[in-house]
Structure formats: C-alpha cells, structure tokens
Amino acid sequence: MKFKGDPGSPSGAEELQRQACVLGQVISQPDFLPLFGLSGPTDPCLAQDTVELPCVQSIRSSRRIGPDGQVVFDLVAEVTQRRVVRDDNGNVQFYFYGGSTLILGPDGAIRYIVSKSVRNNQRLQRQRDFLSGDRNHLWELVNGTYMPKQQLFRLLHHNGAKS
C-alpha cells in the first residue's frame with residue numbers, strides 16, 4: 001500500500017486499482033474480516049441472511065501535519081459490504097450495510113480503523129425497528145422489500161412543515 005509516485009499528486013486509475021487490489025487481499029482474509037466490519041458467507045451470526053462481497057469504495061491521499069510540524073501523507077480507504085436481510089420465509093426485507101474507513105500511514109501500515117460491522121445484530125435490530133416504527137413514512141414495502149419512497153426529498157420537507 002505504499003505510495004508509488006508523488007503522494008501530493010492525484011493517483012492515476014492504474015495506481016488506484018493497484019492499491020484497491022492490495023487492500024482487498026488483506027481485508028478478505030477470513031481472520032481479518034471482523035476487524036474491518038465485514039463477514040464471510042458462512043458466518044453463523046448471519047442466520048438466514050447473506051452477504052455480498054466486500055467492495056473497496058475509494059482510496060485517496062490525505063495530507064496532515066505530523067507531530068514535529070512535518071507534512072505527512074496518509075491514505076484513506078473506505079470498504080463496504082451489503083448484508084441481504086431476509087424474513088422467516090427467506091424473502092428479502094432490506095439491505096444492511098457495514099464496513100470501515102481505514103487510515104493508512106505513508107509506509108502502508110494501518111493507523112486507524114473506524115468500523116460499523118455488518119455482523120452487528122444490535123445495530124441490525126435498530127434498523128429493523130426504525131423501518132417498522134413510526135418513522136417509516138419515508139419507506140414503503142415493495143414486493144416484500146423496504147425501499148425509499150418516491151420523491152423522498154419532497155416528503156422530508158412536507159413532513160417537516162407539519163411539525
């Protein structure tokens with residue numbers, strides 16, 4: 001994950017592809033998946049749900065001032081995974097997202113991981129409660145799957161005016 005070329009200049013498509021592939025190889029190792037908020041397809045915490053393959057959404061450079069006043073370049077990467085949540089009959093109810101934002105130092109070492117796990121069943125229950133609760137005026141059930149209502153922006157303003 002070390003920088004190739006000048007970290008102060010935007011990376012080209014080839015370099016971004018290389019970095020995403022290297023990161024993908026690391027995060028997809030079964031022992032590392034939970035560390036990055038991800039899950040494997042046979043994870044028992046998924047119950048009847050399934051997960052799609054993790055996706056490296058973005059990699060970009062970041063410039064900061066180090067502790068001694070020097071300019072330091074880091075990499076910021078975002079990795080996501082989609083969990084397909086199913087009801088007791090196996091029908092898709094909604095999608096639940098997890099993953100992490102990683103900060104990597106100029107040497108390629110991981111400095112920070114901020115994750116929201118796709119395996120977190122308490123967070124999943126909060127989303128399920130939200131969708132079925134009194135705030136569901138923004139969602140509708142379409143063929144058994146919760147989807148945002150059409151003209152969502154208008155609905156937000158309309159409901160805000162009533163309050």
Side-chain angles (χ1 to χ4, degrees), residues 1-86 90-128 130-131 138-139 142-148 150 152-153 156:
M1 291 293 299
K2 291 182 181 179
F3 288 107
K4 282 192 177 177
D6 179 8
S9 299
S11 298
E14 187 176 311
E15 175 61 6
L16 291 173
Q17 181 73 28
R18 183 194 71 78
Q19 291 174 348
C21 287
V22 170
L23 181 59
Q25 290 172 354
V26 172
I27 66 168
S28 63
Q29 294 180 32
D31 291 342
F32 292 161
L33 287 170
L35 180 65
F36 298 108
L38 307 171
S39 177
T42 59
D43 192 325
C45 82
L46 296 176
Q48 71 273 16
D49 300 344
T50 56
V51 289
E52 296 176 356
L53 291 174
C55 179
V56 177
Q57 295 289 336
S58 70
I59 296 182
R60 61 193 177 281
S61 62
S62 169
R63 181 172 51 195
R64 65 180 173 89
I65 303 299
D68 298 326
Q70 76 279 23
V71 176
V72 179
F73 289 92
D74 292 329
L75 286 175
V76 179
E78 297 166 333
V79 180
T80 62
Q81 186 174 40
R82 186 163 86 166
R83 177 174 175 174
V84 181
V85 179
R86 301 179 185 282
N91 300 315
V92 175
Q93 278 191 306
F94 60 91
Y95 300 112
F96 181 67
Y97 292 87
S100 57
T101 299
L102 298 102
I103 311 294
L104 299 103
D107 60 354
I110 296 173
R111 296 182 58 233
Y112 299 103
I113 300 173
V114 181
S115 69
K116 284 196 162 194
S117 181
V118 75
R119 305 171 72 237
N120 186 331
N121 287 320
Q122 290 175 333
R123 193 168 67 89
L124 173 67
Q125 187 59 48
R126 286 193 307 269
Q127 182 168 335
R128 184 177 277 127
F130 175 84
L131 290 172
L138 303 176
W139 300 87
V142 178
N143 297 325
T145 302
Y146 283 103
M147 303 294 290
Q150 296 295 318
L152 187 57
F153 189 71
L156 285 169

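Counted within 6.0 Å of OH on Y97, heavy atoms from surrounding residues, nucleotides or ligands total more than 12; the atom is thus considered enclosed. More than 12 heavy atoms of other residues, nucleotides or ligands sit less than 6.0 Å from atom CD of Q125.
The shortest distance between side-chain heavy atoms of V76 and I59 does not fall below 4.5 Å. The shortest distance between side-chain heavy atoms of R128 and F96 does not fall below 4.5 Å. Between V85 and Y95, the closest side-chain pair of non-hydrogen atoms is not below 4.5 Å.
Looking at I27, V51, L53 one by one, the single match for side chain to side chain contact (heavy atoms under 4.5 Å, CB included) with Q81 turns out to be V51.
Atom CD1 of I110 and atom CZ of F32 lie 8.0 Å apart (nearest 0.5 Å). Rounding to the nearest 0.5 Å gives a distance of 4.5 Å between CZ of R119 and SG of C45. The OG atom of S58 sits 10.5 Å away from the CG atom of L75 when rounded to the nearest 0.5 Å. Note that the CZ atom of R126 and the CG atom of N120 stand 6.5 Å from one another [nearest 0.5 Å].
Checked against side-chain contact (heavy atoms from CB on, under 4.5 Å), R111 has the following partners two or more places apart in sequence or in another chain: R64, D74, I103. Remark: Q25 engages no residue in a side-chain contact (heavy atoms from CB on, under 4.5 Å) (not counting sequence neighbours). Every side-chain contact (heavy atoms from CB on, under 4.5 Å) that Q70 has, sequence neighbours left out, goes to P67, D68, V72. Partners of S117 according to the side-chain hydrogen bond (donor to acceptor under 3.5 Å, both in side chains) rule, which considers only residues two or more places apart in sequence or in another chain, do not exist here. Listed by chain and residue number, Q57 satisfy the side-chain hydrogen bond (donor to acceptor under 3.5 Å, both in side chains) test with T80 (two or more places apart in sequence, or in another chain). Under the salt bridge (Lys or Arg N to Asp or Glu O under 4.0 Å) criterion, R86 pairs with no residue, sequence neighbours left out. L35 meets the side-chain contact (heavy atoms from CB on, under 4.5 Å) test with I113; sequence neighbours excluded. Applying the salt bridge (Lys or Arg N to Asp or Glu O under 4.0 Å) criterion to R60, with sequence neighbours excluded, gives E78.
The minimum heavy-atom distance between V79 and P54, with the atom names listed, is CG1-CB, 4.4 Å. Here the shortest heavy-atom pairing between A77 and L23 reads CB-CD2, 3.5 Å. For L33 against S39, the heavy-atom pair with the smallest separation is CD1-C, 3.8 Å.
Residues in residues 48-59 take part in these salt bridge (charged side-chain N to carboxylate O under 4.0 Å, His left out) pairs, two or more places apart or across chains: D49-R83, E52-R82. Among residue pairs with one or both ends in residues 28-41, none qualify as salt bridge (charged side-chain N to carboxylate O under 4.0 Å, His left out); sequence neighbours excluded.
With hydrogens and angles ignored, the 3.5 Å screen pairs no side-chain donor or acceptor of S100 with any backbone N or O of S115.
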